[in-house]
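Below, each value reflects all heavy atoms present in this structure, side chains not excepted, and no hydrogens, waters or symmetry copies. Just so you know, ligand 1 is whichever comes first in the structure, and atom 1 is the first atom listed for that ligand.
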Amino acid sequence: MKVLVATEKPFAKKAVDGIRAIFDKAGYQTVLLEKYTDKAQLLEAVADVDAMIIRSDKVTAEVIAAARNLKIVVRAGAGYDNVDLAAASAKGVVVMNTPGQNSNAVAELALAMMIFMSRNRFTPGTGSEIQGKTLAIHAYGNVGKLVGRKGKALGMNVIAYDPFITDAAVFEKDGVEKVDSVEDLYSRADFLSLHIPATLQTVKSIGYDLMMSMPKGATLVNTARKEVIDEEGVMRAMTEREDLKYITDIAPEAAADMAEKFGKRFFATPKKMGAETAEANINAGLAAASQIVDYFVNGNVKFQVNK
Ligand code: 3PG
């Protein structure tokens with residue numbers, strides 16, 4: 001078996017070593033394609049591999065067509081909006097993710113972003129504290145739950161909404177208040193932490209109305225996907241309301257415009273860094289490698305996302 005680790009944004013060395021060790025033990029060959037700058041490099045590298053580990057790397061229909069022996073793609077991470085699932089399914093390629101493996105890194109970044117914005121982005125001037133503020137969590141999955149628990153530990157009043165969780169006990173056991181509508185959530189949010197995936201239903205779903213409903217001085221914190229934001233709507237709200245703030249992990253399309261218009265009320269990381277910790281790389285990378293071996297050896301499809 002030949003496995004390609006294709007990471008435009010490389011894993012920490014320890015994670016790569018761990019992945020290699022898992023494949024060596026299984027008798028598989030590991031091929032590493034890191035920091036590639038051109039799609040052609042990926043198309044060439046996939047030509048004869050049986051499996052792939054990726055991060056946010058784009059596995060399009062073209063990539064899948066070029067990968068003649070491909071049987072499985074594992075996205076070392078949570079969101080798999082970068083993989084053309086229909087094209088994979090059409091060719092019988094199994095797609096998996098590694099849910100939960102990098103969640104803590106993303107949750108820590110979300111909290112850090114709240115403090116960073118509350119302290120004027122670490123520039124001089126009087127800031128405010130996050131203790132006692134309402135932290136509203138949009139989608140209570142692996143990351144949302146961790147953000148909630150950490151927010152509680154920091155003395156925040158935590159509320160959450162998840163359209164797919166009706167059981168209030170899921171929230172109550174974390175001391176988190178379940179909110180029944182997205183409108184209610186945003187209208188109470190001093191900090192709104194976004195944890196929805198990018199899907200047909202969610203793309204551009206966060207915009208003017210929700211932003212305008214937020215309390216005075218509120219901050220939208222996006223460690224999910226830039227695609228879920230209706231950038232025009234958010235910009236219109238921030239233009240009309242000079243108290244609103246937006247911080248995002250990965251620059252929006254309108255980043256330059258937003259930076260110029262909103263100054264310290266806006267911040268974007270230059271490259272997505274939510275899962276950029278050695279721990280997250282090791283957790284997700286090793287899980288991905290183990291899942292590939294488990295699939296080939298035992299047919300385990302527990303984490304398949306294109307069933
Ligand atoms: C994820 O969906 O797991 C995160 O967005 C991490 O993405 P990355 O592997 O590109 O850092």
Side-chain angles (χ1 to χ4, degrees), residues 3-16 18-19 32-37 39 41-42 51-60 63 73-85 88 95-113 137-147 162 193-203 206 220-229 247-253 268-292 302-306:
V3 187
L4 174 69
V5 179
T7 48
E8 182 271 319
K9 193 172 61 182
F11 287 124
K13 185 178 176 306
K14 242 185 160 179
V16 177
I19 290 169
L32 199 57
L33 177 68
E34 291 182 326
K35 291 186 186 172
Y36 56 93
T37 49
K39 187 178 67 180
Q41 293 169 272
L42 181 60
M52 274 174 91
I53 294 179
I54 54 159
R55 294 185 63 179
S56 289
D57 306 80
K58 289 197 173 19
V59 178
T60 59
V63 172
V73 177
V74 181
R75 194 281 190 240
Y80 45 86
D81 46 308
N82 48 324
V83 182
D84 187 330
L85 294 187
V95 182
M96 294 184 187
N97 64 350
T98 65
Q101 299 292 348
N102 59 19
S103 303
N104 190 66
V106 180
E108 285 189 10
L109 183 72
L111 268 301
M113 284 177 147
I137 299 174
H138 190 171
Y140 206 60
N142 289 318
V143 182
K145 286 188 179 105
L146 285 168
V147 170
D162 190 307
S193 199
L194 259 179
H195 302 291
I196 54 176
T199 64
L200 283 178
Q201 290 72 39
T202 64
V203 164
I206 312 300
L220 177 64
V221 179
N222 183 7
T223 54
R225 289 289 181 270
K226 66 177 179 181
E227 288 80 3
V228 301
I229 300 294
I247 182 163
T248 173
D249 183 21
I250 198 170
E253 297 304 316
T269 56
K271 202 166 181 108
K272 190 163 55 146
M273 59 176 290
E276 281 293 79
T277 64
E279 293 89 340
N281 285 182
I282 292 165
N283 291 342
L286 269 55
S290 299
Q291 285 173 214
I292 287 174
K302 181 172 175 203
F303 296 109
Q304 184 173 358
V305 294
N306 65 334

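- Among residues two or more places apart in sequence or in another chain, the salt bridge (Lys or Arg N to Asp or Glu O under 4.0 Å) test is passed with Arg75 by none.
- Screening residues 97-111 for salt bridge (Lys or Arg N to Asp or Glu O under 4.0 Å) gives no qualifying pairs among residues at least two apart or on separate chains.
- Looking only at atom types and distance, the side chain of Asp249 has a donor-acceptor partner in the side chain of Thr269 under 3.5 Å away.
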Which atom pairs, one a donor and one an acceptor, fall under 3.5 Å between side chains of residues 137-145 and the rest of the protein, sequence neighbours left out?
unit_1: His138; atom_1: ND1; unit_2: Tyr186; atom_2: OH; d: 2.9
unit_1: Tyr140; atom_1: OH; unit_2: Asp174; atom_2: OD2; d: 2.5

Exercise for the section: Start with the C-alpha gap between Glu253 and Lys226, add the side-chain angles, then the distance that decides, and say whether salt bridge (Lys or Arg N to Asp or Glu O under 4.0 Å) holds. Expected result: CA-CA 8 Å; Glu253 297 304 316; Lys226 66 177 179 181; 2.8 Å; yes
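- A donor-acceptor contact under 3.5 angstrom links the side chains of Tyr36 and Asp57, judged on distance only.
- The contact shell of ligand 1, taken as protein residues with any non-hydrogen atom closer than 4.0 angstrom, comprises Lys9, Arg55, Ser56, Arg75, Gly77, Ala78, Gly79, Asn102, Arg225, Lys272, Ala275.
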